[in-house]
Colleague: 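Input: one structure, supplied below.
Order of appearance sets the numbers: ligands from 1, and atoms from 1 within every ligand.
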Amino acid sequence: MTICVVGHSNPDTDSVTSAIALAELMKAQGADVKACMQIDAAGLNPESKMVLDRFGLATPEELRDAAGKKIALVDFSDIAQAPANITSAEVVTVVDHHKIGDITTNNPILFRSEPVGCTGTVLNKMFKDAGIKIPKNIAGGMLAAILSDTVNFKSPTCTPDDKAAVADLKIVAGIKDTEELFMAMLKAKSSVAGVPAKDLLFRDYKDFDMKGKKVGVGQLELAALDQVADIRDDLLKEMKKVKADGRHSVLLMLTDVVKEGTDLVVISDDPALIETAFNAKLSGTSMWIDGMMSRKKQTVPNLQKAFGC
Ligand code: MG
Ligand code: MG
Ligand code: MG
């Protein structure tokens with residue numbers, strides 16, 4: 001029976017390229033195996049799509065139901081993130097870099113998990129250990145996954161092993177400029193072209209209760225602020241509509257991932273209160289806040305303090 005290698009649901013680039021890479025490694029070791037993913041090809045996220053295109057990698061087959069199948073897992077080991085009926089499948093291999101999940105097996109299996117930034121980093125070691133050369137295009141995909149998972153080495157999850165793996169894979173893939181690759185991935189991921197302003201505002205949006213006042217906070221992660229230059233007025237219009245629907249304030253974080261800061265757009269009954277919250281001054285309807293990247297860890301706590309929560 002063909003082994004299906006599959007990453008977690010709602011797959012990221014690591015889950016997609018690691019399925020391809022592990023399938024290649026197992027195939028080179030004589031297994032009957034194919035790369036799969038838990039999504040139809042049309043629904044693949046724009047970053048992963050761009051990575052597959054750039055390196056000429058075939059899109060993995062869709063896998064929804066694991067019942068009765070032989071399965072190898074990459075980038076997860078939780079039942080909740082697995083295809084349907086994983087408990088009636090035979091899991092034969094796990095390669096991961098997360099906490100160990102709740103998948104169990106009846107037989108001993110190859111289980112390799114390391115506390116590194118990306119499954120691609122673990123797979124690079126596995127190819128080395130096996131003495132098997134990584135095909136050039138697959139090395140490109142693995143390198144892209146490491147840049148994605150470690151946010152170009154800036155994430156606290158990044159380890160020296162991830163940097164070492166990128167150094168290896170650069171040579172195999174013939175990639176000189178990883179910055180250029182990371183920026184191209186970021187642009188694909190943060191693409192706003194052709195997306196209605198309303199959808200952008202709600203792409204990553206949450207309402208909060210601030211001492212009885214409803215405050216909405218959306219966030220768009222961008223490679224550069226000029227990506228939204230032409231649609232600022234449309235975004236403001238949508239924010240005003242959303243505010244008119246019973247909210248004290250609506251904020252939109254336009255986060256520049258490269259400059260590591262946020263242009264915070266504010267529509268509020270009390271703009272001065274929002275200025276106080278972030279110790280900054282609005283110029284028109286927005287203010288630049290250096291270092292602001294996280295809604296959960298930075299924006300919301302500051303608002304809560306200002307609102308007296
Ligand atoms: Mg992942
Ligand atoms: Mg990962
Ligand atoms: Mg990830």
Colleague: Is E238 salt-bridged to K240, cutoff N-O under 4.0 Å?
Modeller: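 Salt bridge: no.
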Colleague: Less than 4.0 Å between a side-chain N and a carboxylate O, is that true for E180 and R54?
Modeller: yes
Colleague: Any N/O/S atom from H8 (main chain or side chain) under 2.8 Å of the Mg ion (ligand 1)?
Modeller: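 H8 does place an N, O or S atom closer than 2.8 Å to the Mg ion (ligand 1).
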Colleague: Answer yes or no: is there an ion pair linking R295 with D204, defined by an N-O contact shorter than 4.0 Å?
Modeller: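 Between D204 and R295 there is a salt bridge, with a charged N closer than 4.0 Å to a carboxylate O.
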Colleague: Among the N, O or S atoms that D75 has, which is closest to the Mg ion (ligand 2)?
Modeller: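 The closest N, O or S atom of D75 to the Mg ion (ligand 2) is OD1.
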Colleague: Using a strict 4.0 Å threshold on nitrogen-to-oxygen distance, state whether D161 and K125 make a salt bridge.
Modeller: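 Result for this pair is yes, salt bridge flagged.
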Colleague: Between D96 and the Mg ion (ligand 2), is there a contact where an N/O/S atom of the residue lies under 2.8 Å from the metal?
Modeller: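 False for D96.
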Colleague: Answer yes or no: is there an ion pair linking R112 with E114, defined by an N-O contact shorter than 4.0 Å?
Modeller: yes
Colleague: Looking at D12, pick out the N, O or S atom nearest to the Mg ion (ligand 1) and give its name.
Modeller: OD2
Colleague: Can you tell me if H97 has an N, O or S atom under 2.8 Å away from the Mg ion (ligand 2)?
Modeller: yes
Colleague: From the Mg ion (ligand 2) out to just under 2.8 Å, does an N/O/S atom of D149 turn up?
Modeller: yes
Colleague: Less than 4.0 Å between a side-chain N and a carboxylate O, is that true for K281 and E275?
Modeller: yes
Colleague: When you measure from the Mg ion (ligand 2) to each N, O or S atom of D14, which atom gives the shortest distance?
Modeller: OD2
